[in-house]
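To start, the structure itself, in structure tokens.
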Amino acid sequence: MRTQVGIVGAGPAGLVLARLLERAGIESVVLESRSRDHVEQRVRAGVLEHGTVQLLDELGVAERLHREGLLHHGIWLRFEEANHYVPMTELTGRSITVYGQQEVVKDLIAARLEAGLPLLFEAEATAVEGIDERPRVRFRVDGTDEELECDVVAGCDGSHGVSRAAIPAGVLAEHVRDYPFGWLGILAQVAPASEELIYAWNERGFALHSMRTPELSRLYVQCRPDEDLAGWPDERIWSELQLRLGLPGFEGPIVERGVTQMRGHVVEPMQHGRLFLAGDAAHIVPPTGAKGLNLAVHDVRVLADALVRWYAGGDESGLAGYSERCLRRVWRAEHFSYFMTTMLHRLPGGDDFGARLQLAQLRYVATSEAQARALAENYVGLETV
Ligand code: APR
Ligand code: PHB
């Protein structure tokens with residue numbers, strides 16, 4: 001099999017890239033190790049920056065997003081038993097949309113298949129080779145080994161993928177920050193108790209109220225990074241959420257649950273030879289800033305632009321500058337996620353001093369327009385970084 005751009009992974013990064021290339025008349029093949037059902041059902045975060053929504057619009061895959069997505073104009077910060085509103089739209093002129101990541105993925109898969117373009121499920125890439133001049137992706141489908149030859153490989157295979165391993169030892173620098181927290185996330189059949197998201201600081205730990213539809217709430221409580229779900233029966237989850245969010249009586253049937261570790265991870269550079277890493281394959285942010293999907297989309301937008309210029313007339317400059325351009329935004333988002341995470345979570349074994357500092361910062365954001373604007377412009381997505 002041969003194509004121009006071999007794309008490993010059908011998460012948001014791989015699928016948005018495929019669509020961008022389709023629009024530019026560049027061929028691609030997308031290989032995805034899991035089943036269509038699996039990737040369409042995987043529950044992840046769901047905050048889309050203004051620029052992400054605009055891009056999905058331009059790509060013609062935002063019709064359902066506009067119908068079902070929930071437009072938000074601010075967030076609540078909750079601490080010391082009171083909610084403080086950060087009016088994001090008023091401060092920045094922009095808004096965010098809450099629409100589950102798997103819904104974005106479903107819409108992109110539908111568009112790809114409707115266009116009759118190659119997207120192979122249950123096709124696991126086992127190795128990426130020849131990235132210095134003649135890239136090939138080896139993959140396994142239906143029990144047979146196959147090979148995809150291409151001009152360029154886009155490694156969009158998430159944090160546990162295989163693409164990154166194709167880069168020779170010593171080339172990549174890895175930067176890691178493990179936060180000593182986890183998030184226990186649930187999806188519950190109960191109408192959201194708030195129109196806007198609530199980020200809550202509490203002595204018992206952080207909690208977040210988000211939502212998916214007028215009937216479905218998405219909620220998180222801070223837990224240990226290696227938390228065992230068995231220690232969290234429904235009653236405990238609800239009583240912690242009620243206390244931390246200040247929502248007595250708020251509960252409903254839980255339809256999905258899981259624990260996420262909080263981690264920052266960046267590899268530099270994001271490219272080597274003809275392999276370009278994008279999205280979680282190159283970087284992870286803790287979910288407090290809701291940046292993961294938006295960064296993935298930004299990467300592939302930069303990559304697609306660079307590929308268009310390269311195919312149009314051999315201009316290599318976009319490809320050569322890919323990593324640097326993406327990493328500027330990645331590090332801004334790492335910092336914002338770090339800022340939100342460290343401001344809002346209770347440090348296990350942490351002292352009173354740390355808690356006082358957090359509260360001082362929260363009060364500052366709640367009362368200073370400059371501080372609120374700084375938070376808001378990062379949250380809705382900076383136009384230039
Ligand atoms: N071969 C083929 N596909 C693979 C392989 C492999 N060897 N390894 C992983 N994959 C697939 C995964 O099954 C997944 O569908 O690559 C895809 C990677 O998708 P994501 O993990 O969603 O990563 P990305 O597209 O970069 O999107 C970033 O995902 O983790 C969230 O919060 C994060 O919102 C952010 C978004
Ligand atoms: C979510 O809705 O899943 C969500 C919202 C905001 C975050 C993280 C996750 O910061």
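Counting starts at 1 for both ligands and their atoms, in listed order. Numbering of residues begins at 1 and proceeds along the displayed sequence.
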Quick look: S210 vs ligand 2, heavy-atom contacts under 4.0 Å, and the answer is side chain
Atom 11 (C) of ligand 1: nearest protein contact (heavy atom, Å): E32 OE1, 3.3 Å
Atom 34 (O) of ligand 1 sits nearest the protein heavy atom Q101 OE1, 2.5 Å
Give the atoms of ligand 2, by number and element, whose distance to some non-hydrogen atom of W183 is under 4.0 Å. 8 (C)
With nothing but distance in play, are any N or O atoms of E124 less than 3.5 Å from an N or O of ligand 1? no
Top protein contact for atom 10 (N) of ligand 1, by heavy-atom distance: S33 OG, 3.6 Å
Looking only at non-hydrogen atoms, which of T126, D157, V16 approaches atom 9 (C) of ligand 1 most closely? D157
Is any N or O atom of R34, backbone or side chain, closer than 3.5 Å to an N or O atom of ligand 1? no
Quick check on R212 - does any of its heavy atoms sit under 4.0 Å from an atom of ligand 2? yes
Close aromatic pair by centroid cut-off 6.0 Å: Y199 and W76: no
Quick test: of every protein heavy atom, which one is nearest to atom 31 (C) of ligand 1, and how far off is it to 0.1 Å? R44 NH1, 3.1 Å
Any N or O of A13 that comes nearer than 3.5 Å to an N or O of ligand 1? yes
Could you tell me, atom by atom, which parts of ligand 1 come under 4.0 Å of a heavy atom of V8? 1 (N), 2 (C)
Check for me whether Y99 has a heavy atom closer than 4.0 Å to any atom of ligand 2. no
Of the listed options (V47, T341, L344, V98), which comes nearest to atom 5 (C) of ligand 2 when hydrogens are ignored and any heavy atom counts? V47
Taking the six-membered ring for Trp and the full ring for Phe, Tyr or His, determine whether the centres of H209 and Y220 are under 6.0 Å apart. no
Based purely on interatomic distance, does A296 place a nitrogen or oxygen under 3.5 Å from a nitrogen or oxygen of ligand 1? no
Which protein non-hydrogen atom lies closest to atom 27 (O) of ligand 1, naming both residue and atom, and how far is it? P12 CD, 3.4 Å
May I ask you to check whether P287 has an N/O atom sitting below 3.5 Å from an N/O atom of ligand 2? yes
Taking atom 18 (C) of ligand 1 as the point of reference, which of C156, G14, G9, G155 owns the nearest heavy atom? C156
